[in-house]
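Have a look at the structure below before the remarks.
A quick note: this is a predicted structure, and the numbers were derived from the prediction, not measured. Every heavy atom of this structure was used, including side-chain atoms; hydrogens, water molecules and symmetry mates were not.
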Amino acid sequence: MLRFAQLCEAVAATTKKLEKRKLVADYFRQQPIQTASLAAIFLSGEVYPAFSERTLNVGGAIVWRAVQQLTGRSEEEMAAAYRRHGDLGAAARDLWPADFTGSVLTLPDLAKLFDDVASSRGPALKQQKVCDLLQQCSALEAKYAIKLLVGDIRIGMRESLVEEAIAAAYEQSEQSVRRANMLLGDIGETLRLAAEGRLGDARMRLFHPLGFMLAAEVKSSDEAVSYIPGPHVEDKYDGIRAQVHCGEGKVRIFSRTQDEIGESFPELIPVLESAPEALVLDGEILAWSSLGDGTASGAALPFSALQRRLGRKRVTEKMMRDVPVVYVAFDVLYAGGELIIDRSLAERSEILTRVLNAFTVHRSELPATARGAAGSFQPNLFADDSAEPDFPRVLRAPCSRAASAADLDALFLEARARGNEGLMMKNPASTYAPGRRGHAWLKMKRELATLDCVVTGVEFGNGKRAGVLSDYTFAVRGPGDRLMNVGKAYSGLTDAEILEMTEWFKSHTLTDFGHSRLVEPKIVLEVAFNNIMRSDRHESGFALRFPRIVRLRPDKPPEEADTVMRVEEIYLSQHRTE
DNA sequence: GTGCCTGCCCCAC
DNA sequence: ATCGGACTAATTCGG
DNA sequence: CCGAATTAGTCCGATGTGGGGCAGGCAC
């Protein structure tokens, strides 16, 4: 493990990708395959391969206490070390007892110890297992063991660069490595095949998730057309991206992190089970407010409704009634017994329409007790109690072709009128590139008004933002011009601006809590966001979804900041259309 | 023992 | 989700 | 036409809000 930690140090020391790739490739070649294979996973910043649903259930808090227990340091010493580095692993290295000399663990040993942590139940036991692990580490080894435990390795290398390093190490094409990893969902196994020159053996396995193709954002229809002249267009839904594998009477639904989420959406299962053949579909799970006419007509509910269905282990009938869900499919990756990601979107789109029409079950009946029951469900769900409460559960995402930017603008407005987020625009000639973000798929979302807010509190950042005040809590004016917080934001400023702000806040601090500070309410920020929600997180009673700083407003005095009233107006206006 | 709250983790966007 | 920063490959520019 | 300068394509790291599950503590 010492060699691995040294490698990580070297990789972290350079920002050059080619240099990182070479360092790692050389390391892979020097190590036994078993070790190189584990290193490939660890260098990606993961403890388990992507396809695995195993989690450690250990985070900063538990590791912090374990480090404290092992080193016997005070809270103050720990906090000081953490503040120096913004990283618990780096901090622990400073504090590590000299008699922990380590250097006996191999990577397979380390993997075994991670398993012990993963399989123990409860924070107390996990903390003990973390101690057992760290005890066997030298200071440098502990640094990287901790980084892996808390899930932030911060060496400027993730799975994508590890793929490149594997290709370089074993003289395989980058493309074949990426493809094998995509099919296997296991970078360690991919390395093994690459080393043995058997990348071509990797096969798509039904009921094992593939990566999701992602979209680049565009700001305007003109920009969209510059990438794709005649795009295939769909609404952009505010739901949960989901990959469905079905066939052989089985169904698995996978989330973007390749976890199985079918359990949370039992009403979709019988419909998907009726697929005419083995399929892999890509689509979105939506909370759906039906008109109650037995058809799919209706509208998507806001994401917050869907969120209540998410991650549930036990789904009650009431939940299914209160927040009905549908699966809207927009792509097909496997059909006719083969992977079809290399066919064009135009072709896949036709296949999708055909296979969805061949489903034999379209609606899953809710149990009779749920039907028409006088419950506390939201009044707009069904027209009346006698209405058929079920409707088609698996839909084909409506799509069209745009010929111009003007077409797109019209479609965008229609999508917004339907309560959807905006548009997805896809190149009809493009293949499906799992796990990649490119300009073959574009997304365009609504622009919402921005707010001018006053910074009231600041915090030190983590990692590379250690030592700078990079995290800002901001407020709007409430009754009597009293400032009321509405949110926090960290992104949008350049490093230079953050540095400048850090200096200013340091000399205009009202209260210093160490990690955070209350500051003089003088700095005005223009803040953008995608949504406003009611929330008790902040004093104003509202919170922002995806807040980001558009720019500093040195020209604007805090007395002219926006008000809670305006926040409420925006909140209400977005509700009228959703 | 039951019910409720809190801290923590994970994961959806 | 969001954003800025960094690297590299691809493309355009200047002489 | 060639090397330099600029742009485009991608990757990486830091971090926002909401909600469910689970362990553990506390009141009764």
Protein N or O to nucleotides 2-8 of chain B N or O, pairs below 3.5 Å:
{"from": "B:dC8", "atom 1": "OP1", "to": "A:Arg65", "atom 2": "NH1", "distance (Å)": "3.2"}

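Between A:Lys20 and D:dC12 there is no side-chain polar atom (N or O) within less than 4.0 angstrom of OP1 or OP2. Applying the 4.0 Å criterion to OP1 and OP2 of D:dG20, one finds that A:Arg314 has every side-chain N and O outside that range. A:Ser255 has a side-chain polar atom (N or O) that falls below the 4.0 Å cut-off from OP1 or OP2 of B:dA12. Contact annotation: A:Arg548 reaches the phosphate of C:dC3 (side-chain N/O to OP1 or OP2, under 4.0 Å). Taking 4.0 angstrom as the limit, A:Thr15 places none of its side-chain polar atoms (N or O) nearer than this to OP1 or OP2 of C:dA6. Distances shorter than 4.0 Å separate some side-chain N or O of A:Lys488 from OP1 or OP2 on D:dG16. Dashed line: the shortest gap from a side-chain N or O of A:Tyr227 to OP1 or OP2 of D:dG9 is under 4.0 Å. Using a 4.0 Å cut-off, no side-chain N or O of A:Ser160 falls inside it from OP1 or OP2 of D:dT10. Taking only side-chain nitrogens and oxygens, A:Lys17 never comes nearer than 4.0 Å to OP1 or OP2 of D:dG9.
When the P atom of B:dC11 is taken as reference, atom CZ of A:Arg54 falls 14 Å away, rounded to whole Å.
The stretch residues 151-158 of chain A touches DNA chain D through A:Arg154, A:Ile155, A:Gly156, A:Met157, A:Arg158, each having a heavy atom under 4.0 angstrom from the strand. Within residues 461-474 of chain A, the residues approaching DNA chain D are A:Gly461, A:Asn462, A:Gly463, A:Lys464, A:Arg465, A:Ser470, A:Asp471, by heavy-atom distance under 4.0 Å.
For A:Glu568, the salt bridge (Lys or Arg N to Asp or Glu O under 4.0 Å) partners two or more places apart in sequence, or in a different chain, are A:Arg534. Applying the side chain to side chain contact (heavy atoms under 4.5 Å, CB included) criterion to A:Ser221, with sequence neighbours excluded, gives A:Ala405, A:Leu408, A:Asp409, A:Met444. In this structure A:Glu500 satisfies the side-chain hydrogen bond (donor to acceptor under 3.5 Å, both in side chains) test with no other residue, sequence neighbours excluded.
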